[in-house]
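Numbered from 1 within each chain, the chains take letters A, B, ... in sequence-line order.
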2 protein chains.
Amino acid sequence: MTDIESLKGFYDRYPEEFAAWREVIDVVETTAAEFGFREIDTPAVERRELYEIKSGEELMDQTYSFEDKGGRAVTLTPEQTPTRARLVQQRKDLKTPIKWYDTSKRWRYENVQKGRDREFFQTDIDVFGIESVEADAEVIAVAATIYERLGVADRVEFLINDRTLLESILSAYGIDNTEAVMGVIDDKEKLSDAEFRTELLGVGVSSDIVDNVVETTSVRGPIREEVERMAAIAPDDEDAQAAVDRMADLADALESYGVADACKLDLSIVRGLAYYTGLVFEAFDSEGELRALFGGGRYDDLVGLFGSQDVPAVGFAFGYSTTRELLKKEGEWPSEALSTDVYVAAVSDDVREAALGFASELREAGLVVETGLAGRGLGGQFGYADSINAETVLIVGQRDLENDEVTVRDMASGDEEQVPVEDVVGELV
Amino acid sequence: MTDIESLKGFYDRYPEEFAAWREVIDVVETTAAEFGFREIDTPAVERRELYEIKSGEELMDQTYSFEDKGGRAVTLTPEQTPTRARLVQQRKDLKTPIKWYDTSKRWRYENVQKGRDREFFQTDIDVFGIESVEADAEVIAVAATIYERLGVADRVEFLINDRTLLESILSAYGIDNTEAVMGVIDDKEKLSDAEFRTELLGVGVSSDIVDNVVETTSVRGPIREEVERMAAIAPDDEDAQAAVDRMADLADALESYGVADACKLDLSIVRGLAYYTGLVFEAFDSEGELRALFGGGRYDDLVGLFGSQDVPAVGFAFGYSTTRELLKKEGEWPSEALSTDVYVAAVSDDVREAALGFASELREAGLVVETGLAGRGLGGQFGYADSINAETVLIVGQRDLENDEVTVRDMASGDEEQVPVEDVVGELV
């Protein structure tokens, strides 16, 4: 006897639990598919150098990297974006917009804690090749529609920013080291008001405009309203007005998609400095109890690092961990229970064959059907039917069959009725 | 610019190709689900020792094994059976039959050739905890139903054997080193008749019964007929008669499942000596052009190696590689093309918002809908709609809208009709 456990941070999902996972993954994928995103499938293992192009040392340290038997340095994929960039670069013939989704596992060697596993599912959803606000709005619309369909639209808000808007407003304030200031703004959430001000002063923001920066990055409201305020800050700054116009166009597009109400402009959303070039957004629990659900944005400079084409891109990686917490809190995590349409019970061995026949017919009609494999008595069969939450038990007995009938038992009510053999499928489908 | 390729034996599947894969995987999974198999999800990485319990050195040599950052010897899963055995052992409370399916990737560092990739999909389908022939028949029925639904039932036959039947008949012939003889029979396919005879003599089969062994292992026919012949070989041997009876019961069960015609008894099917304890089967291209599609069987002694419970098991791992070849040969591999229900085209920018609104409504109704993200003219939009195989294009124009109408174009026929705005969803769903 041996007792080998799974690795820390890796999970075994038995059918009851995974039925719920599958239901949520299906909502995410179906939504993406209905928006015209197409499923791709990519390797779980890549050459290590693929990740070195864009990832910092920290991320590389968290990868599962090793040498394969051919001496190649390889890495279990910690994120799909580099792979997608590779795929886009490989095919110059792809028509734009290139709209892809995929749900697969990622691996990161992190300290295991709540919401941080070493193996986890992620659904990547991106539009490549299009720079328009419509593309920006579409990825936010996909995300918002997912939460609508998961039943928690009222608990989720999307905080939206545009890096070019923030940058141009900082410039309009006379700040020239905008990069450093945005770095401080990126940390704002973790800082007290006093600390935030100190840090701003520390990177050289003059004391007379610290208030302006604090105020600008404290805004969180409907995009249309807030964007008008932004327009008024720098009425004569061309860059700022262009960014303001783009944000106003985004607000229009979000409205057309019917998801504007879930979105708020928040100029403190930065999402690091390395990656995003325009739109950035994060989905939050509107009651503020949970960490960010996930985030995304526009990254027009990234794909070009992986080949000869410059290809704009906007998208997000949907992680399931915090969303699962939210759904559980709200009672919207799907029931972790098996579901079965019909259990076919054989009263005795001599009708086993007939029972299997009914099971086959019902499956042909698309039902989930189990039948006795164990030669158990009727009591044992009912116990098993119960354990798999069979809605109906079809009881096949010799005497019934002689009358061309079977008994159909509704498991919820306990009601039984005799049904002519030829009506069984029609009755149960 | 960099040009990093995917690893040899690992594949990038773009949407067109993966749409076909997904369709085939869906058939396999839906069939398993309708038979009451439940989806599980298990780690892609396990402790190396999990695989050392059952795998020979050869298989271990073909694994992707390495040390993780915590110094643990780990392996990318080359097969799911050890993991499943671990899961069964971990939960003493599971009701039997335990019926599981799962499609996920496996990794083996093999020499890449046709049909042998280093990363590949596999769907594992097993029944744990039940020893009956009904369980044996059910897994074969699932496999046969999959090929029926894939449209190639007439090109696939299941060659079926029972290790205990073969062994008891060899014993009845007076052979006592049955293990060694079965080893030779396992190689029969690769040997000429003369070589086979020589090998049999080589492991000590006496010359007067070599003919018997050759004859017995050359049988390939309907189970019922052949099993009667087998019964006559050793009428007084209890073990042989028990094995014959079990095979006859299996034939009955296969008949009840409606899949008996696809099955043939073939006593030369052994599938190695390490693993299977009873039923063994292989799915073959009935025209003999392709390698085996996949195989499976009963392995009652395996799960017990992984913990304190002895748990009988029967099942198979469905690989896609040869099946894909077969489907392509038969013209049944699904079309590698995108499919889109509706493309919503905006005639001008001022109706873009209305176009997005129609797209949202149609998606709510469950359709796959794309709409312009790029601010293209109508010609460009039609070109794109064509490239995604849109069935219908909804043309939204200012003048139409003023009359509360839109234009619906059937892309196959080119026919266009005006449709009142309020009827659009009803018309297109």
Visitor: Does B/R363 make a cation-pi contact with A/F35, if we ask for NZ or CZ under 6.0 Å from the ring centre and within 45° of the axis?
Guide: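 The answer is yes, since B/R363 meets both limits relative to A/F35.
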
Visitor: So what's closer than 4.5 Å to chain B heavy atoms on A/W100: side chain, backbone, both or neither?
Guide: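 Just the side chain, heavy atoms under 4.5 Å.
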
Visitor: Look at the side chain of A/Y11 and the backbone N and O of B/D41, then say whether any donor-acceptor pair between them is shorter than 3.5 Å.
Guide: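 Such a contact is absent between A/Y11 side chain and B/D41 backbone.
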
Visitor: Could you grab the distance from atom CG of B/L254 to atom CG of A/L356, nearest 0.5 Å is fine?
Guide: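 Answer rounded to 0.5 Å: 10.0 Å.
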
Visitor: Side chain from CB out, backbone as N, CA, C, O: work out which of these in B/R376 comes under 4.5 Å of a heavy atom of chain A, or both, or neither.
Guide: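 Only the side chain of B/R376 comes within 4.5 Å of chain A.
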
Visitor: List the steps, then state whether side chain to side chain contact (heavy atoms under 4.5 Å, CB included) holds for B/K69 with A/R118.
Guide: CA-CA 12 Å; B/K69 288 188 202 293; A/R118 290 182 176 167; over 6 Å; no

Visitor: Measure distances from A/V342 to the heavy atoms of chain B and classify the residue's part below 4.5 Å as side chain, backbone, both or neither.
Guide: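 Neither part.
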
Visitor: If you count heavy-atom pairs under 4.5 Å between each of B/L76, B/V74, B/T96 and chain A, which one has the most?
Guide: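 Answer, by heavy-atom pair count under 4.5 Å with chain A: B/T96.
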
Visitor: Of all of B/A137, B/A355, B/S256, which one pairs up most often with chain A through heavy atoms under 4.5 Å apart?
Guide: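 Going by pairs under 4.5 Å, I would pick B/S256.
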
Visitor: Which residue out of B/V45, B/D252, B/T30 racks up the most heavy-atom pairs below 4.5 Å with chain A?
Guide: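 With the most close heavy-atom pairs to chain A, the winner is B/V45.
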
Visitor: How long is the gap from OG1 on A/T145 to CD on B/E364, to the nearest 0.5 Å?
Guide: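 Between A/T145 OG1 and B/E364 CD, I get 6.5 Å after rounding to 0.5 Å.
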
Visitor: Which distance, rounded to the nearest 0.5 Å, do you find between the CD1 of A/I388 and the NZ of B/K95?
Guide: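 NZ of B/K95 is found 11.0 Å from CD1 of A/I388.
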
Visitor: Select one option (side chain, backbone, both, neither) describing which atoms of B/E49 are under 4.5 Å from chain A's heavy atoms.
Guide: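 It is both, since atoms from each part get that close.
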
Visitor: Taking side chain as everything from C-beta outward and backbone as N, CA, C, O, which of these in A/R84 sits under 4.5 Å from a heavy atom of chain B? Side chain, backbone, both or neither.
Guide: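 Looking at A/R84, nothing touches chain B.
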
Visitor: Are any non-hydrogen side-chain atoms of B/L87 and A/Y14 less than 4.5 angstrom apart?
Guide: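 The answer is yes, as the side chains (C-beta and beyond) meet within the 4.5 Å cut-off.
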
Visitor: Do B/I4 and A/I53 make a side-chain contact, defined as non-hydrogen atoms from C-beta onward lying under 4.5 Å apart?
Guide: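 Side chain of B/I4 against side chain of A/I53, heavy atoms only: contact under 4.5 Å found.
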
Visitor: Which bit of A/Y257 is near chain B, if near means a heavy-atom gap under 4.5 Å: side chain, backbone, both or neither?
Guide: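 Both parts, heavy atoms under 4.5 Å.
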
Visitor: If the plane angle is over 60° it's perpendicular, under 30° parallel, otherwise tilted; pick one for B/F66 and A/F66.
Guide: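 Rings of B/F66 and A/F66: parallel, as their planes differ by under 30°.
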
Visitor: Would you call B/E16 and A/R38 a salt bridge, taking side-chain N to carboxylate O under 4.0 Å as the test?
Guide: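 No.
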
Visitor: Need one label for A/T31: side chain, backbone, both or neither, based on atoms under 4.5 Å from any heavy atom in chain B.
Guide: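 Contact with chain B: none, neither part.
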
Visitor: Please identify, among B/E67, B/K99, B/E131, B/E255, the residue contributing the most non-hydrogen atom pairs under 4.5 Å to chain A.
Guide: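 Most heavy-atom pairs within the cutoff with chain A belong to B/K99.
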
Visitor: Considering only heavy atoms, which portion of A/L362 lies under 4.5 Å from any heavy atom of chain B: side chain, backbone, both, or neither?
Guide: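 When you check distances to chain B, no heavy atom of A/L362 falls under 4.5 Å.
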
Visitor: What option among B/A19, B/G36, B/P43, B/G357 has the most heavy-atom pairs under 4.5 Å with chain A?
Guide: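 Top option by heavy-atom pairs under 4.5 Å: B/P43.
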
Visitor: If you count heavy-atom pairs under 4.5 Å between each of A/S387, A/G366, A/G375, A/S360 and chain B, which one has the most?
Guide: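 Heavy-atom pair counts peak at A/G366.
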
Visitor: Under 4.5 Å heavy-atom distance to chain B, tell me which part of A/V133 shows up: side chain, backbone, both or neither.
Guide: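 No part of it gets close to chain B.
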
Visitor: Any side-chain heavy-atom pair from B/L7 and A/R47 closer than 4.5 angstrom?
Guide: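 Side-chain contact under 4.5 Å: yes.
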
Visitor: Which region of B/F37, side chain (C-beta onward) or backbone (N, CA, C, O), has a non-hydrogen atom less than 4.5 Å from a non-hydrogen atom of chain A, or is it both or neither?
Guide: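 Nothing of B/F37, per the 4.5 Å heavy-atom cut-off to chain A.
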
Visitor: So which part of A/F121 gets closer than 4.5 Å to some heavy atom of chain B, the side chain, the backbone, both or neither?
Guide: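 Only the side chain of A/F121 comes within 4.5 Å of chain B.
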
Visitor: Below 4.5 Å from any heavy atom of chain B, which atoms of A/K105 appear? Answer side chain, backbone, both or neither.
Guide: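 For A/K105, side-chain heavy atoms alone lie under 4.5 Å from chain B.
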
Visitor: Quick check for you: to the nearest 0.5 Å, what is the distance between A/F10 atom CZ and B/T42 atom OG1?
Guide: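 Answer rounded to 0.5 Å: 11.5 Å.
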
Visitor: For the CZ atom of A/R22 and the CD atom of B/E29, what is their distance to the nearest 0.5 Å?
Guide: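 Atom-to-atom, A/R22:CZ and B/E29:CD are 6.5 Å apart.
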
Visitor: What part of A/E353 lies closer than 4.5 angstrom to a heavy atom of chain B: side chain, backbone, both or neither?
Guide: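 For A/E353, heavy atoms of backbone and side chain both lie under 4.5 Å from chain B.
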
Visitor: Given heavy-atom pairs under 4.5 angstrom as the criterion, report whether the side chain, backbone, both or neither of A/E148 touches chain B.
Guide: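 Only the side chain of A/E148 comes within 4.5 Å of chain B.
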
Visitor: Given a strict heavy-atom distance threshold of 4.5 Å, which part of A/E39 is in contact with chain B: side chain, backbone, both, or neither?
Guide: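 When you check distances to chain B, atoms from both the backbone and side chain of A/E39 fall under 4.5 Å.
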
Visitor: For chain B, find which of A/E17, A/E370, A/K8, A/Q309 contributes the most heavy-atom pairs closer than 4.5 angstrom.
Guide: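 The answer is A/E370.
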
Visitor: Given that the side chain runs from C-beta out, which part of A/L94 has a heavy atom under 4.5 Å from chain B: side chain, backbone, both or neither?
Guide: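 Only the side chain of A/L94 comes within 4.5 Å of chain B.
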
Visitor: How many angstroms lie between atom CG of A/D12 and atom OG1 of B/T83, to the nearest 0.5 angstrom?
Guide: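 OG1 of B/T83 is found 7.5 Å from CG of A/D12.
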
Visitor: Is A/N111 atom CG crowded by more than 12 heavy atoms from other residues, nucleotides or ligands, each under 6.0 Å away?
Guide: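 Check fails, neighbour count at 12 or below.
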
Visitor: Let me know if A/S6 has heavy atoms under 4.5 Å from chain B in its side chain, its backbone, both or neither.
Guide: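 Looking at A/S6, backbone and side chain both touch chain B.
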
Visitor: Please find the pair of heavy atoms, one from B/A374 and one from A/S132, that lie closest to each other, and give the distance.
Guide: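 For B/A374 versus A/S132, the nearest heavy atoms are N-OG, 4.4 Å.
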
Visitor: Side chains of B/L50 and A/E5: closer than 4.5 Å at any heavy-atom pair?
Guide: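 No, side chains not in contact.
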
Visitor: Hey, which of B/V368, B/D136, B/T340 has the most heavy atom pairs under 4.5 Å with chain A?
Guide: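 Heavy-atom pairs under 4.5 Å are most numerous for B/V368.
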
Visitor: Using a strict cut-off of less than 4.0 Å between a Lys/Arg side-chain nitrogen and an Asp/Glu carboxylate oxygen, indicate whether A/R13 and B/D102 qualify as a salt bridge.
Guide: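 Judged by the 4.0 Å cut-off on N to carboxylate O distance, A/R13 and B/D102 do not form a salt bridge.
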
Visitor: Out of A/R86, A/E46, A/R352, which one racks up the most heavy-atom pairs below 4.5 Å with chain B?
Guide: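 Top count of heavy-atom pairs under 4.5 Å with chain B: A/R86.
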
Visitor: According to side chain to side chain donor-acceptor pair (under 3.5 Å), who are the partners of B/D68, at least two apart in sequence or on a separate chain?
Guide: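 Partners of B/D68 under the side chain to side chain donor-acceptor pair (under 3.5 Å) test: B/R72.
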
Visitor: As a quick check of understanding, evaluate side chain to side chain contact (heavy atoms under 4.5 Å, CB included) for B/L373 and A/E138, giving each step before the final call.
Guide: CA-CA 8 Å; B/L373 300 179; A/E138 185 155 287; 3.5 Å; yes

Visitor: Counting heavy-atom pairs under 4.5 Å with chain B, which one of A/D61, A/I98, A/V259 comes out on top?
Guide: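 Looking at each option in turn, the highest pair count goes to A/D61.
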
Visitor: State, with a plain yes or no, whether a side-chain heavy atom of B/I40 is found less than 4.5 Å away from one of A/F18.
Guide: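 Sidechains of A/F18 and B/I40: no contact.
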
